[in-house]
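Each remark here refers to the structure printed beneath this line.
So that the names make sense, note that chain A is the first sequence line, chain B the second, and so on, each numbered from 1.
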2 protein chains.
Amino acid sequence: MIDRFIRQCNGLWIESGFCRGILHLMKKVTIQDIARVSGVSKSTVSRVLNGTAQVNPEKKKAVLDATKRLGFQPNVLAQSLASGRSSSVGVLTQMIGSPFYDAISQGLIAGLSGTNYSPIFADGRWEKAEQKDALNALVGRRVDGVVVIGGTLSSAQVSKITGELPVLLVARKCDLNQYPAISVNNEFGAYQATKHLLESGHQRIALISGLSDHGDAKDRFKGFQRAVLEAGLSFEERLVVDGDFSAESGVKGIETLLAQGVEFTAVFAANDLTAYGARLALSRAGLRVPEDVAVVGFDDQMESQYMTPPLSSVRQPAREMGERAAEAMVQLLGEANFESIELVPELVIRQSSEVRR
Amino acid sequence: MIDRFIRQCNGLWIESGFCRGILHLMKKVTIQDIARVSGVSKSTVSRVLNGTAQVNPEKKKAVLDATKRLGFQPNVLAQSLASGRSSSVGVLTQMIGSPFYDAISQGLIAGLSGTNYSPIFADGRWEKAEQKDALNALVGRRVDGVVVIGGTLSSAQVSKITGELPVLLVARKCDLNQYPAISVNNEFGAYQATKHLLESGHQRIALISGLSDHGDAKDRFKGFQRAVLEAGLSFEERLVVDGDFSAESGVKGIETLLAQGVEFTAVFAANDLTAYGARLALSRAGLRVPEDVAVVGFDDQMESQYMTPPLSSVRQPAREMGERAAEAMVQLLGEANFESIELVPELVIRQSSEVRR
DNA sequence: GTCTATCATGAAACCGGTTTCACGGCGGGG
DNA sequence: CCCCGCCGTGAAACCGGTTTCATGATAGAC
């Protein structure tokens, strides 16, 4: 009843400019309203607005005028339902509070903000069941594509849920080469970092590793190990302590090493946060960086270059990865292909690992 | 044609378990399919799934069985269109790459991830026109509510676009008390920090300020000024240099002060990032922290406690603010009220401003 | 034993668009 | 001059749900 009344308003009152002030109180303007006002059918309105077919220039103008005058804003939901495309991409994140993953998300938001697509986030909490739920929720929202950041789902598990949807993996590789991925060669990054320390004259390098069930952590461990062995040194278990990518685990790591009386002149941390913690623990113990102990991290997050001394780190361009992922997903949605890229991380040497005199 | 064929599949084949393997190739399962399989009308299916009315237990069971067997996943788009609610909240962000704002976004994602609502992000780039566009896009997506993080739109401008939708402001105040807000008293935070430095014996405190058109920066400036004046000191323009919340501006700020020969024994930075830069510039200039110059920042971002020395800072619980915003928005969507809260930031004193001996 | 209130249920309308389809008009070829 | 094909257009079907409405059945009241 009131609806009908308001509908009439849309057609008549607004046109007469009578109730412009209370416009927001009224029902949303639909293409039906535009059709009525401009004297054509809603099919034609749709055609004009989407440019899907040629229409009489006169009617076209009438429609466009009405659209502007009524302040029409298409209902994306209805568009999506009808067309089968939702103009949104689902993003499966793993909220572990890691600056690296956060930066990827931010890059995605930024990268998508120029396009017609909106990101819809769902969080997998780095747990299998949650990841599946989150993915299902995204698919239920009929996203046009899915970006999976990290996570533990196999690509088979992903495809079971996403079906035909285009999928892009970020910060991880695809086990079956089924999906394109934007990843970083963690093994090589760690190898480089370790080699740098070895070449600087360090023989006893400690490693504070990341979560043991985390792919990236494993790869970094392997790279570390390879560099050590290639240098002709024996791999010493005692030099490796477990961490979990947190700053606190860096503190604990150093404390453990010191308490056990392990000797070392350099530390390679699984990520920058861990390196920060390690650096703090070292300074508490009265050890200087880099004079007594050199430190290298992984990620090169923004803050690292401002540490005292500035922290050497393996640069992972997290934000750029997010932005490139956005770009890549738009390509995939445009039916274009996208080839996986594996970024080669770059070692950034700063004063925390300066060559010893 | 193929559609119809597949529809038949949904009803018959799947039921017989014949083509479970290629299930993902087929059309999505709809409530119509469930209705057919379980021998009821789709109205009844809807009622069962939503619990909107009582249904014969037998039929109920049949529907539930079919739902599970066919792996039904409701089309959220259709649900939204029909019901008028989209189960999503729009988030208007300002991607300025500030850890503070990023952390709020992350908190929102995390806080919303347990609920039925999904966040949809749009970016305003801290520019008026873009903010309006972004807001319009969100409203076009028929979000159920809007969270505005920072930004420069007046609440009148916001309400013009959002109409009746519930709106929550985060990290800013509402000019008209029209909308609830979760904000932080920046003035008081800065006042506290400055007072702490004054009480530690510092008389010449430099300020590296934030963007001059940024509300938070202005408030922090005011707090700084008030503390200085209350202490009976004269306010010296020379001690204040412009910054832009970036680490680089912290470096520049210190360099400018030193180049101009301004004497100071303490620095208050507009945010932690700026403080990091300042700290680096000081150390390059051979000045020790805190012995020669004390440093205090604002935000207390995660990394600050691991700086060398650990950085004193005014704690803004960014991530928690995001989480509380999520909570608050859910309340608002549940028709409940939510009162604005102004958080009182807490000064965290660490070694970078330790009392001089 | 009626009459009425209640209840479960299916048909149909609806949300706001897109897309198919059929029809009338018009131009060109034979 | 007639026929065929193309073009612009409106009607109607459709997307996949929710919600209203009408109906038949059942139960309770008198």
>> Heavy atoms only, 4.0 Å cut-off, all strands: where does A:V76 land among base, sugar-phosphate and nothing?
In response: nothing
>> Distance check needed: C:dC15 C1' versus B:L77 CG, whole Å only.
In response: 12 Å
> Which whole-number value in Å describes the distance from B:F72 CZ to D:dG16 C1'?
Replying inline: 8 Å
>> I'd like to know if B:E320 pairs up with B:R324 as an ion pair, taking the criterion as any Lys NZ or Arg NE/NH1/NH2 lying under 4.0 Å from an Asp or Glu carboxylate oxygen.
In response: no
> Counting only side-chain N and O atoms of A:K59, is one of them less than 4.0 Å from OP1 or OP2 of D:dG10?
Replying inline: yes
>> Around atom CZ of A:R142, are there more than 12 heavy atoms from other residues, nucleotides or ligands closer than 6.0 Å?
In response: yes
>> So, does B:S41 get its side chain near the phosphate of C:dG10, meaning an N or O under 4.0 Å from OP1 or OP2?
In response: yes
>> When you measure from the side-chain N and O atoms of A:S46 to the phosphate of C:dT18, is any distance below 4.0 Å, counting only OP1 and OP2?
In response: yes
> Checking only heavy atoms, does the side chain of B:T44 share a donor-acceptor pair with the base of C:dA8 at less than 3.5 Å?
Replying inline: no
>> In this structure, how many angstroms lie between the P atom of C:dC15 and the CZ atom of B:R142, rounded?
In response: 13 Å
>> Using whole Å, what does the distance between atom C1' of nucleotide D:dT18 and atom CZ of B:R85 come to?
In response: 9 Å
>> Can you tell me if B:R141 has over 12 outside heavy atoms packed within less than 6.0 Å of its CZ?
In response: yes
> Which whole-number value in Å describes the distance from B:Q32 CD to D:dT18 P?
Replying inline: 13 Å
> Of the nucleotides D:dG17, C:dG16, C:dT18, which has the atom closest to the A:N75 side chain?
Replying inline: C:dG16
> Can you tell which of C:dT18, D:dT9, D:dG17 lies closest to the side chain of B:A82?
Replying inline: D:dG17
> Is there a donor on the side chain of A:K42 or the base of C:dG17 sitting less than 3.5 Å from an acceptor on the other?
Replying inline: yes
>> Using a distance-only criterion (donor-acceptor N/O pair, under 3.5 Å, no hydrogens), is the base of C:dG10 paired with the side chain of B:R47?
In response: yes
> Could you give the CZ-to-P distance, from B:R36 to D:dG16, as a whole number of Å?
Replying inline: 12 Å
> So, A:D65 and A:R69, do they make that salt bridge, N to O below 4.0 Å?
Replying inline: no
>> What's the separation between atom OG in B:S86 and atom OH in B:Y117, rounded to the nearest 0.5 Å?
In response: 8.5 Å
> Toward the 5' end of DNA chain D, which comes first, B:A78 or B:S43, by nearest nucleotide?
Replying inline: B:A78
> Expressed in angstrom and rounded to an integer, what is the separation of A:Q79 atom CD from C:dT19 atom P?
Replying inline: 10 Å
>> Between P on D:dC15 and CG on B:D33, what's the gap in Å once rounded to a whole number?
In response: 11 Å
>> Any side-chain N or O of A:Q54 below 4.0 angstrom from OP1/OP2 of D:dC7?
In response: no
